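Input: a single structure, listed below in structure tokens.
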Amino acid sequence: MDLTRYSRQMLFEPIREKGQRCLSGSTVLVVGAGALGTVICSQLVRAGIGKLILIDRDYVEMSNLQRQMLFDEEDVKHMLPKAAAAKNKLEKVNSQIIIEAITGNASVDNIDDLIKDADVVLDGTDNFSTRYLLNDACFKYGIPFSYGGVVSSRGMTAFFIPGQTPCLRCITKEGEGGGQTCDTVGVISPAVDMISSLQVTETLKYLTGNQQALRQTLKTLDVWHNHHYDMKLTTPDPECPVCLNHEFPALQKIAQNEETVLCGRGTVQIHRKAGMNLEQWESKLGQVANIKRTPFLLKAALEDGIHFVLFKDGRVLVQGTEDPVLARTFYDRYIGS
Ligand SMILES: [Zn+2]
């Protein structure tokens with residue numbers, strides 16, 4: 001393989017040609033193609049990893065462009081799913097990389113498949129339930145997990161290695177997420193870029209055989225107020241089920257609630273069906289709603305400012321409410337069970 005395009009990276013002493021070849025042979029899973037995920041993917045693809053697996057459940061909207069580096073107004077116009085839009089851009093950046101882009105949810109049903117070939121998993125999500133799922137799956141299979149989260153001008157990141165460091169559950173308890181989201185207090189792009197760059201840096205160290213250089217702290221920073229803080233990752237929490245008992249709560253297939261409120265954006269996701277024929281739904285809903293269909297999704301404008309977005313994988317986004325009960329009412333009225 002011609003590595004000339006990576007010459008500046010190979011001049012960097014800790015990487016050299018040997019590290020570059022390790023990168024070329026690696027597979028990385030990125031979950032989420034939002035603010036963190038787009039920066040992460042851009043850097044990894046430019047750096048020359050072998051294969052990128054990217055999964056995201058959403059499509060591109062105008063308010064994403066302020067910070068989600070791979071998207072543009074054309075993507076908004078065509079209502080492209082983020083995974084597909086990201087793949088389009090990334091293939092133009094580096095055609096040597098194998099890119100598998102999946103539009104859907106990372107869940108207990110598909111996580112084993114998603115993760116099985118990954119050398120590192122990077123967190124580009126915006127919610128703790130998916131993060132715990134990734135954490136538990138990574139610790140079950142012994143795969144490093146590069147965690148990152150950003151809100152407002154603050155961010156947090158750590159590189160967890162099963163058997164060597166504590167895990168995400170050791171440092172944040174389930175349900176103690178603080179409750180602030182990008183949609184209630186906002187977010188600025190530089191904070192995202194800082195955290196995602198740190199996530200990628202540790203990943204590059206790990207994949208190029210520079211494990212002795214890994215940071216081994218939980219780093220928190222606030223780029224606006226100029227606070228930086230490193231907390232050493234030492235011993236696991238004595239109550240952590242993952243680290244102490246090798247139990248993985250997020251991987252237990254309990255009957256999961258089929259409604260998910262999406263990051264406070266006035267959207268509830270309902271996933272009851274295994275798939276949807278968009279053409280059929282276009283003719284059904286066309287009687288009662290304004291319809292726009294693309295190869296990937298169907299958008300229907302209903303009464304009272306409620307919009308449905310139907311995806312082929314069976315998910316429906318009910319936009320215009322954050323009330324799961326109301327969302328279910330509209331779903332039952334127009335889609336049925
Ligand atoms: Zn733990």
Side-chain angles (χ1 to χ4, degrees), residues 27-32 36-37 40 53 55 105-151 154-181 195-196 198-207 210-221 228-254 256-257 260:
T27 295
V28 176
L29 169 67
V30 178
V31 179
L36 290 167
I40 288 168
I53 305 167
I55 178 163
N105 249 343
S107 73
V108 66
D109 297 319
N110 60 10
I111 191 66
D112 288 2
D113 261 357
L114 285 171
I115 215 172
K116 66 179 192 302
D117 297 325
D119 296 301
V120 175
V121 175
L122 289 100
D123 173 15
T125 69
D126 59 5
N127 66 86
F128 269 93
S129 61
T130 312
R131 285 190 183 114
Y132 285 129
L133 176 76
L134 301 179
N135 179 76
D136 291 9
C138 283
F139 273 68
K140 182 177 176 187
Y141 295 112
I143 302 164
F145 175 41
S146 191
Y147 154 63
V150 180
V151 65
R154 306 185 298 275
M156 210 182 242
T157 180
F159 194 79
F160 299 115
I161 306 178
Q164 293 181 37
T165 69
C167 78
L168 180 63
R169 286 183 188 274
C170 293
I171 56 163
T172 50
K173 296 275 171 299
E174 213 159 353
E176 285 177 5
Q180 289 189 323
T181 73
I195 292 297
S196 46
L198 291 167
Q199 286 177 268
V200 171
T201 306
E202 298 309 293
T203 303
L204 292 180
K205 290 179 192 173
Y206 181 84
L207 292 175
N210 286 282
Q211 298 190 25
Q212 77 294 343
L214 287 166
R215 199 182 57 245
Q216 297 185 329
T217 67
L218 169 70
K219 188 184 262 305
T220 53
L221 52 84
H228 292 256
Y229 183 69
D230 277 279
M231 187 187 84
K232 200 139 181 47
L233 294 173
T234 51
T235 48
D237 178 343
E239 289 175 8
C240 177
V242 169
C243 294
L244 272 290
N245 298 330
H246 221 60
E247 284 169 10
F248 309 101
L251 300 182
Q252 281 153 18
K253 294 200 180 194
I254 42 170
Q256 284 191 335
N257 210 339
T260 322

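Whatever order the structure lists them in is the order used to number ligands and atoms, beginning at 1. Heavy-atom basis, side chains included; hydrogens, waters and symmetry copies ignored. Just so you know, these numbers come straight off a predicted model, no measurement behind them.
- Side-chain contact between D126 and V151 is absent, with no heavy-atom pair separated by less than 4.5 Å.
- A distance of 9.0 Å separates CG in L221 from OG1 in T157, rounded to the nearest 0.5 Å.
- Once rounded to the nearest 0.5 Å, the distance linking OG1 of T217 with CD of E202 reads 7.5 Å.
- Defined by atom type and a distance below 3.5 Å, a donor-acceptor pair is present between the side-chain atoms of T125 and D123.
- Around the Zn ion (ligand 1), protein N, O or S atoms at less than 2.8 Å comprise C167 SG, C170 SG, C240 SG, C243 SG.
- D237 places none of its side-chain heavy atoms less than 4.5 Å from the side chain of P166.
- In this pair, Y147 and F128 present their aromatic rings tilted. The plane angle is within the 30 to 60° band.
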